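Note that this is a predicted model, so its numbers are computed, not measured.
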Amino acid sequence: MRNFGLFMCILGVAITAAGVILYYGDNEGQGVAGFVLGVGLGAIGVMVFLTDFLLRFFERSASLMIRFQLCKLRFELHGELGTPLDYEGVIGDRLGESKSDQWTD
């Protein structure tokens with residue numbers, strides 16, 4: 001996902017640059033459209049990249065399925081967030097204490 005996010009960012013920068021060239025050329029309308037499309041793709045790429053980075057940083061996993069049907073306007077979204085493995089006792093080992101002693105005083 002991080003590679004896809006970076007690809008979207010690079011594509012957004014390239015389209016925005018093309019929009020600048022078109023805006024200062026003879027095609028102002030296409031230049032503005034290039035600005036909008038390029039900034040939109042770049043923003044989506046940044047969000048995808050940061051989401052994947054944060055999920056990996058906090059050792060979480062995410063699964064998302066989106067279905068969209070244009071004619072009947074049917075839209076389904078299923079999401080799941082959890083840990084990739086069941087880390088029984090690993091959190092306590094990282095903190096230097098066992099999991100059962102963590103809540104006792």
Side-chain angles (χ1 to χ4, degrees):
M1 288 300 290
R2 284 187 286 178
N3 293 333
F4 178 69
L6 286 175
F7 174 73
M8 293 286 285
C9 289
I10 293 169
L11 187 64
V13 168
I15 292 175
T16 304
V20 169
I21 293 169
L22 288 173
Y23 182 76
Y24 287 114
D26 293 335
N27 303 331
E28 291 182 0
Q30 292 176 356
V32 172
F35 291 154
V36 172
L37 183 63
V39 170
L41 287 176
I44 290 171
V46 167
M47 287 188 283
V48 167
F49 179 82
L50 289 179
T51 301
D52 186 63
F53 176 76
L54 289 174
L55 286 173
R56 289 177 190 244
F57 182 74
F58 291 111
E59 296 177 351
R60 297 283 185 179
S61 64
S63 176
L64 181 65
M65 181 183 68
I66 298 174
R67 289 185 183 175
F68 182 75
Q69 198 170 8
L70 185 62
C71 295
K72 296 180 183 179
L73 295 176
R74 182 179 171 191
F75 179 77
E76 294 181 12
L77 176 68
H78 301 280
E80 180 180 324
L81 179 66
T83 56
L85 297 173
D86 187 17
Y87 292 113
E88 186 74 31
V90 174
I91 296 172
D93 293 339
R94 288 185 185 166
L95 297 175
E97 58 189 44
S98 66
K99 193 171 185 175
S100 61
D101 295 336
Q102 188 174 2
W103 301 105
T104 59
D105 291 324

So ring pair (Phe, Tyr, Trp, His ring centres under 6.0 Å) across residues 25-56, not counting sequence neighbours, yields Y23-F35
Side-chain heavy atoms under 4.5 Å apart, restricted to Ile/Leu/Val/Met/Phe/Trp/Tyr: what other residues fall into the cluster of V13, or is it alone? none
Can V48 be reached from F7 by stepping across I, L, V, M, F, W or Y side chains whose heavy atoms are under 4.5 Å apart? yes
Residues in side-chain hydrogen bond (donor to acceptor under 3.5 Å, both in side chains) contact with D52, at least two apart in sequence or another chain: R2, R56
Tell me the closest heavy-atom pair linking T51 and M47, and the distance in Å. OG1-O, 2.6 Å
Hphob cluster co-occupancy, I44 + F4, side-chain heavy atoms under 4.5 angstrom: yes
Which heavy atom in C9 sits nearest to a heavy atom in G42, and how many Å separate them? SG-O, 3.8 Å
From I15 CD1 over to L11 CG, what is the distance, rounded to the nearest 0.5 angstrom? 4.0 Å
